[in-house]
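Below is one structure, written out as structure tokens, with a few remarks after it.
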Protein chains: 2
Amino acid sequence: MKDCTQCVVRNRAICAGLEPDELDTLGQLGRRQRVKKGQTVVWEGDDSVVVANVIEGVLKVSMSISDGREQIVGVVFASDFIGRPFGQQSPYSVTALTDAELCIFSRSTFDSFARQHPALEHKLLRRTLNELDRAHEWMLLLGKKTATERIATLLLEMSARLGETGCSAENGALDAFELPLDRQQMGDVLGLTIETVSRQLSLLKADGVINLPDRRTVAIQNRARLQDLSAAA
Amino acid sequence: MKDCTQCVVRNRAICAGLEPDELDTLGQLGRRQRVKKGQTVVWEGDDSVVVANVIEGVLKVSMSISDGREQIVGVVFASDFIGRPFGQQSPYSVTALTDAELCIFSRSTFDSFARQHPALEHKLLRRTLNELDRAHEWMLLLGKKTATERIATLLLEMSARLGETGCSAENGALDAFELPLDRQQMGDVLGLTIETVSRQLSLLKADGVINLPDRRTVAIQNRARLQDLSAAA
DNA sequence: GGCGTTCCTTGATTCAGATCAACGAATAGA
DNA sequence: TCTATTCGTTGATCTGAATCAAGGAACGCC
């Protein structure tokens, strides 16, 4: 990689705030890679070989049971970090939901760089703590929420996260956005079947809470109502 | 606090590996505190005022919805770390399941100490990454596993974690142990009702997989079978 | 533009687990 | 020791979401 100072996620990824010389060193260690929609970057159970920053695109983080049941445990966006540092094996798979661009590091190389740069480890720690908070929130959803509440929560979360990703000028939640997930994937995030997801979306549409101009796009028409339905803690 | 070098969790808590002088400084910042079973140490939504190491006992980490539904998102044991460092608010409550002893720090004091001691932050990072792995595993359970699979998984997990906690000589999984959770709490960890938990335990007992000498103790009689039933990934 | 495929929706039916209900066993308190 | 209360078990019934089934809409490919 040449020049991290030109990187589009420069100010949001974990590299933000590194000293110029540190940034340069790190830049030498990484390489940019494009991945196609559907391509798996990291395999569950395999040796943890790489970690990466997401420069562009959306990917899913998933775990599965041997009989094929799959749970999506995370959805990552531009500027997010993927992979399992400081671990021999990856407990999950990472797969592109859209075409994506990554900034990839060998895991062991990244580990040792991080160990020598506390500022980077600190960023990584904060990020991991935030992810843990989100995981906890999702455990509440999976353990206790109804189908309607789950769908409402997902739509609000997507609206918020896709909003962050946009340019820093308008940084709020989006009222209309394109879902990076198909119905099956929404089900795999929410612990529901594809049919239940579809039905719940149809209900929300019939109630005028959202609109669905095409299969992938959602327009929130009554955010307050959607918030009520999500049973926000 | 006087002397961290005598602490029973000395070698397993995040303070392990600090230099003697660092350990001494940290020791000055913390204070030991006993908490009674049922007592809540941290409240969901409140300012994140304290963090702590668990010296002895078991505590639950939980989140809830305003109508009272509660999900237990973590169970912590001796040598584990509790609280939310680097955050203004605590996203969860922490409540003692048994009488417990903690080594408490003011959150802000701990934060600044940590920022100045990369070795400590590194330990915290590794611990947080492990917790995140566990949270992901649990999301798979909550999203996709059946009641039987959930119970089997919980029993194996408890067996393993209570085993670690014991003296380092016999460090394996225990075949007989006392549950730190009552039936309701097991339900709140597993996303099940108390009745379903009770029924599933009765079934496992009837099948000779486990024995239940009294309400709080479990004896695993056929670990291989229990592992099969847990649908291990 | 036609055709096959994939994705989504909707309807009918089933079922795992929730809810409702009652009772029994352990524990604590007087 | 007796009694109140909490906790756990078991049974009967209900229900939300899963499963089974069919058709329809969008998309990619020739």
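Per chain, numbering begins at 1; letters A, B, ... match sequence-line order.
B:N53 places none of its side-chain heavy atoms less than 4.5 Å from the side chain of B:S79. In this structure, A:L162 and A:F77 have side chains that are in contact, with non-hydrogen atoms separated by less than 4.5 Å.
In this structure, B:S198 contributes its side chain and B:I194 its backbone to no donor-acceptor pair below 3.5 Å.
On the nucleic acid side, DNA chain C contacts chain A at distances under 4.0 Å to non-hydrogen atoms, with the end points of that region at C:dC7 to C:dA12. First and last contacts of DNA chain D with chain B, using any nucleotide atom under 4.0 Å from a protein heavy atom and ordered 5' to 3', fall at D:dC7 to D:dA12.
Listed by chain and residue number, B:R127, B:R161 satisfy the salt bridge (Lys or Arg N to Asp or Glu O under 4.0 Å) test with B:D80 (two or more places apart in sequence, or in another chain). For the side chain to side chain donor-acceptor pair (under 3.5 Å) test, residues two or more places apart in sequence or in another chain that qualify with A:R107 are A:D111. In this structure, B:D182 has no side chain to side chain donor-acceptor pair (under 3.5 Å) partners at least two apart in sequence or on a different chain. Applying the side chain to side chain donor-acceptor pair (under 3.5 Å) rule to A:R10 yields no partners; only residues at least two apart in sequence or on another chain are considered. Partners of A:F81 according to the ring pair (Phe, Tyr, Trp, His ring centres under 6.0 Å) rule, which considers only residues two or more places apart in sequence or in another chain, are A:F110. Partners of B:Q71 by side chain to side chain donor-acceptor pair (under 3.5 Å), not counting sequence neighbours: none found.
A heavy atom closer than 4.0 Å to some atom of DNA chain D occurs in B:D182, B:R183, these being the qualifying members of residues 175-189 of chain B. Within residues 142-152 of chain B, the residues having any heavy atom under 4.0 Å from DNA chain C are, by residue number, B:T146, B:A147. Contacts between residues 197-207 of chain A and DNA chain D, counted as heavy-atom distances below 4.0 Å, involve A:R199.
Under the salt bridge (charged side-chain N to carboxylate O under 4.0 Å, His left out) rule, A:D99 has a single partner from A:K37, A:R34, A:K36, which is A:K36.
Within 6.0 Å of CZ on A:R225 lie no more than 12 heavy atoms contributed by other residues, nucleotides or ligands.
Taking the screw axis at each terminus of the helix from C:dG1-D:dC30 to C:dA30-D:dT1 from five consecutive base pairs, the angle between the two is 50° to within rounding of 10 degrees.
Salt-bridge annotation for A:R69 and B:E149: present, with a side-chain N of the basic residue lying under 4.0 Å from a carboxylate O of the acidic one. Salt bridge absent: B:E44 and B:R84 never bring a charged side-chain N and a carboxylate O closer than 4.0 Å. Under the 4.0 Å criterion applied to side-chain N and carboxylate O atoms, A:R150 and A:E157 are not assigned as salt-bridge partners.
Looking only at atom types and distance, the side chain of B:T95 has a donor-acceptor partner in the side chain of B:T40 under 3.5 Å away. With hydrogens and angles left out, the side-chain atoms of A:T148 and A:Q200 include a donor and acceptor closer than 3.5 Å.
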